[in-house]
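The analysis underlying the following values was restricted to heavy atoms, covering all of them including side chains, and did not include hydrogens, waters or symmetry mates.
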Amino acid sequence: MAIDSTSTTIEQLLTPERIGPYDGAGRLAVVAMSGGVDSAVTALIMRERGYRVVGMNLRLFSPADPVHSVNPCCGIPAMDDARATCQVIGVPFYAINMEAEFGEAVIERFVNEYAEGRTPNPCLECNRHVKFTHLVHRAKLLGADCLATGHYARILHDGDRHSLHRAIDARKDQSYVLHTLSPEQLAFIQFPLGNLTKPEVRQLARHFGLPVADKEESQEICFVGKSSYADFVAKRRPDVTKPGQIVDEAGIALGEHQGLVHHTVGQRRGIRVAGPSPLYVLQLDTGTNQLVVGPRDRAVASVITADDISFTDGSWPDLPFEADAVVRYRGVPSPCRIVPGARGEAVVSLTGDASTRPIASPGQAIVFYLQDEVLGGGTIRTVEREAATIGQSAKGAQ
RNA sequence: UGGCGAGUGGUGAAACGGUAUCACAGAGGCCUUUGGAGCCUUUGUUUCAGGUUCGAAUCCUGGCUCGCCAG
């Protein structure tokens, strides 16, 4: 209610405290335009703050693909929306082709990860490799002073130190998928929506007559669309839909699955095995093509090994330290102890009470927080669950 | 085949002779720039044929099916 759109005036929103300093002074800002409200308002804000704005839309996959006609995020209609928005705001619009980069960094990786029995996060990879690597590079080639995107997160600057923080709108906070950012990237990037709430962003969009003001949120994987991601993967790796056994931790067969690609650790629905209590996926065993399931309390993680870890300050810690771990977009933070290994690798012990520990899936990101600040994060490689129940098969963790 | 026991939604179970209940699975919705979780709603059941009874999942008889025990 307090967060409702009508409670704040446009004048109150257009202050430096909410949208950032009016420091443009004619400098060039490239704005990544997805076609949605968030990026549209981002472009608007940068213009208001005195920047020369160029709106850029990324073409990420082939327009011949029929998913383009339905997808609201990265398809052809989305590009039209982005173009129309730029027209209303009065800034130039560029469409650039990043199909090759996206195909390699996101789609190929996505398919490979599933084929390995892991659960990838393509949005994160797109941020990491496409938006904040290739797009940043393009922006710099154009002589831009910054790249602005519509992500909900905050970057704070203290001299040479640039830190990444949660957005003030906890409901929309996207810092989880931004944890890969380096100090150099944080110095160049701007997130003008980090101090606004979603209703406020829509309020701004409506006030300035942006055509996308009331556009629905995008969801689902952009290059897959509303159809099944499993079908998408299966088209490229037919073996991922090979049926196999569903077994419990003791190895007793409970049923048959229609391909490991349909499952992820922690999943409950869709197992199609009835029992006295709900069954959760504990493990995907690509070696035996078996799906290991068990009760919920057997699924919670105790120790996670991760790789591809980076820290937002660019450093690598020498000593173990404590932080909060988040293993899922919008997930609940869980206290942990991080023991760094070789650069990029660490062993993370979840130190909280078992009932509060999360269920973690290999392939997903683990992100470290200290209050609102993102320290860094990496990719979950292995998950140890509770110590195996005495007397039961030791097949559990691995 | 002889003896015993059991048959309740797709699955596992509950119901002094008195509204067939619960969990899991399935469906729909909320949530959500990944995949899961979670929350709300919802479809669907008494093995068959007779009988007793105001009233049968429940008691009786028979059939069928499935288990266990049978030198």
Does [X] reach a base, just sugar-phosphate, or nothing at all? Heavy atoms under 4.0 Å.
X        : value
A:Lys172 : sugar-phosphate
A:Val273 : sugar-phosphate
A:Gln174 : base
A:Gly363 : nothing
A:Arg171 : sugar-phosphate
A:His151 : base

Check your understanding: Quick one: is A:Arg269 getting a side-chain N or O under 4.0 Å of the B:rC24 phosphate, OP1 or OP2?
Key ->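 Looking at the OP1 and OP2 atoms of B:rC24, neither is under 4.0 Å from any side-chain N or O of A:Arg269.
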
Check your understanding: Are any of A:Tyr280's side-chain N or O atoms less than 4.0 Å away from OP1 or OP2 of B:rA37?
Key ->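 A:Tyr280 to B:rA37 OP1/OP2: no side-chain N or O under 4.0 Å.
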
Check your understanding: Listed in order of residue number, which residues of residues 110-123 of chain A have a non-hydrogen atom at under 4.0 Å from RNA chain B?
Key ->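 Result for residues 110-123 of chain A: A:Tyr114, A:Thr119, A:Pro120, A:Asn121, A:Pro122, A:Cys123, sorted by number.
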
Point to revise | Between A:Asn112 and A:Arg118, a side-chain donor and acceptor under 3.5 Å | key: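 Side chains of A:Asn112 and A:Arg118: no pair found under 3.5 Å.
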
Check your understanding: Looking only at side chains, do A:Thr9 and A:Gln12 share a donor and an acceptor under 3.5 Å apart?
Key ->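 Result is yes, a qualifying pair exists.
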
Exercise for review: Indicate yes or no: at least one non-hydrogen side-chain atom of A:Phe368 is less than 4.5 angstrom from one of A:Ile338.
Suggested key: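 In contact.
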
Review point. Do the side chains of A:Arg154 and A:Ser175 get nearer than 4.5 Å, heavy atoms only?
Key: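 Side-chain contact under 4.5 Å: no.
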
Check your understanding: Residues two or more places apart in sequence or in another chain: which of them pass ring-ring contact (aromatic ring centres under 6.0 Å, His included) with A:His151?
Key ->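 Per chain and number, A:His151 pairs via ring-ring contact (aromatic ring centres under 6.0 Å, His included) with A:Phe132, A:Phe191.
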
Point to revise | Donor-acceptor pair under 3.5 Å, A:Ser361 side chain vs B:rG35 base | key: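 Yes, a donor-acceptor pair under 3.5 Å.
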
